Amino acid sequence: MKYKLDSKSKKIVKAIMARDEERQQRQQSGVATDFDNTVKAAIAYATKHITLEGVTPSARTHIIAKLYKSLADGTPWEHLGDTYCCRRLFYQYRTEYCYLVASHMGIIRE
């Protein structure tokens, strides 16, 4: 399946992911908003439902961690180190991850 986001939706998802550490801190301190909970659920949904064909569970965990780091910090593939996949495939996975977060939050319609 092709996962396509327009530029505005992509910017929104990247901004959401960039602020995720702040949301996690609010949740730990007990002052989380409804939006914080929605983002947490969307990230959990994307993590669970991303299709990484033919990878072991440990490799899946590693790739998802690299995807998250790339989106949260704005780090390109070239600076992430060992990602367990090629550049083109990494960015395909990242696009799918963003798409799943956006669709779960209602930013886009499937």
Side-chain angles (χ1 to χ4, degrees):
M1 179 178 192
K2 278 281 201 193
Y3 297 98
K4 184 78 173 149
L5 289 173
D6 63 1
S7 62
K8 290 180 182 179
S9 299
K10 195 180 301 185
K11 285 180 185 179
I12 291 169
V13 172
K14 286 181 180 180
I16 287 169
M17 296 299 293
R19 298 291 193 176
D20 192 49
E21 289 181 16
E22 294 173 15
R23 272 188 287 285
Q24 289 175 3
Q25 290 174 352
R26 283 195 300 269
Q27 288 175 336
Q28 289 174 353
S29 64
V31 291
T33 64
D34 290 338
F35 183 75
D36 294 337
N37 296 329
T38 303
V39 170
K40 181 180 178 182
I43 291 171
Y45 176 83
T47 300
K48 182 177 179 182
H49 290 92
I50 190 168
T51 55
L52 302 176
E53 298 292 328
V55 297
T56 64
S58 62
R60 178 183 173 82
T61 303
H62 182 80
I63 292 170
I64 290 172
K66 294 293 185 172
L67 291 171
Y68 181 85
K69 180 172 176 48
S70 174
L71 288 167
D73 300 340
T75 309
W77 175 86
E78 293 82 5
H79 297 189
L80 286 172
D82 196 12
T83 58
Y84 292 179
C85 60
C86 66
R87 183 180 191 275
R88 181 187 58 79
L89 192 56
F90 178 81
Y91 284 113
Q92 282 180 342
Y93 290 154
R94 193 171 96 159
T95 300
E96 180 182 355
Y97 194 82
C98 288
Y99 182 87
L100 292 171
V101 169
S103 66
H104 190 74
M105 290 187 67
I107 296 170
I108 60 170
R109 293 191 178 127
E110 293 186 55

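All values derive from a computational prediction rather than experimental measurement.
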Drop me the distance from Tyr99's OH to Ile50's CD1, to the nearest 0.5 angstrom. 13.5 Å

For residues 70-86, pull every pair meeting salt bridge (Lys or Arg N to Asp or Glu O under 4.0 Å), keeping only residues two or more places apart or in separate chains. Lys69-Asp73, Glu78-Arg87

Any chance you could measure Leu89, atom CG, to Trp77, atom CH2, to the nearest 0.5 Å? 10.5 Å

Could you pull out the closest heavy-atom pair between Thr47 and Ile64, with the gap in Å? O-CD1, 3.5 Å

For the atom pair SG (Cys85) and OH (Tyr91), what is the distance rounded to the nearest 0.5 Å? 10.5 Å

Can you name the closest pair of heavy atoms from Ile63 and Thr83 and give their distance? CG1-O, 3.4 Å

Sorted by first residue and then second, give each salt bridge (Lys or Arg N to Asp or Glu O under 4.0 Å) pair with at least one member in residues 9-20; sequence neighbours left out. Arg19-Glu22, Asp20-Arg23

Residues Val101, Leu71; criterion side chain to side chain contact (heavy atoms under 4.5 Å, CB included); working and verdict: CA-CA 12 Å; Val101 169; Leu71 288 167; over 6 Å; no

To the nearest 0.5 Å, atom NZ of Lys66 lies from atom OH of Tyr93 at 15.5 Å

Determine the minimum heavy-atom distance between Val55 and Ala59, stating which atoms define it. CB-CB, 4.2 Å

Trace of the side chain to side chain contact (heavy atoms under 4.5 Å, CB included) decision for Tyr45 with Met105: CA-CA 10 Å; Tyr45 176 83; Met105 290 187 67; over 6 Å; no

Please name the pair of heavy atoms, one in Arg94 and one in Thr75, separated by the smallest distance, quoted to 0.1 Å. NH1-O, 4.3 Å

Using only atom types and a distance under 3.5 Å, with no angle test, would you say the side chain of Tyr68 pairs donor to acceptor with the backbone of Ile43? no

List the atom of Ser70, the atom of Leu80, and the distance in Å for their closest heavy-atom pair. CB-CD1, 3.9 Å

Contact summary for Phe90 and Leu67, nearest pair of heavy atoms: CE1-CD2, 3.6 Å

As a quick check of understanding, evaluate side chain to side chain contact (heavy atoms under 4.5 Å, CB included) for Met17 and Val13, giving each step before the final call. CA-CA 6 Å; Met17 296 299 293; Val13 172; 4.3 Å; yes

Can you tell me how far CD of Glu21 sits from CD of Gln25, rounded to the nearest 0.5 angstrom? 7.5 Å

Side chain to side chain donor-acceptor pair (under 3.5 Å) pairs, two or more places apart, involving residues 50-60: Thr51-Glu96, Thr56-Ser58

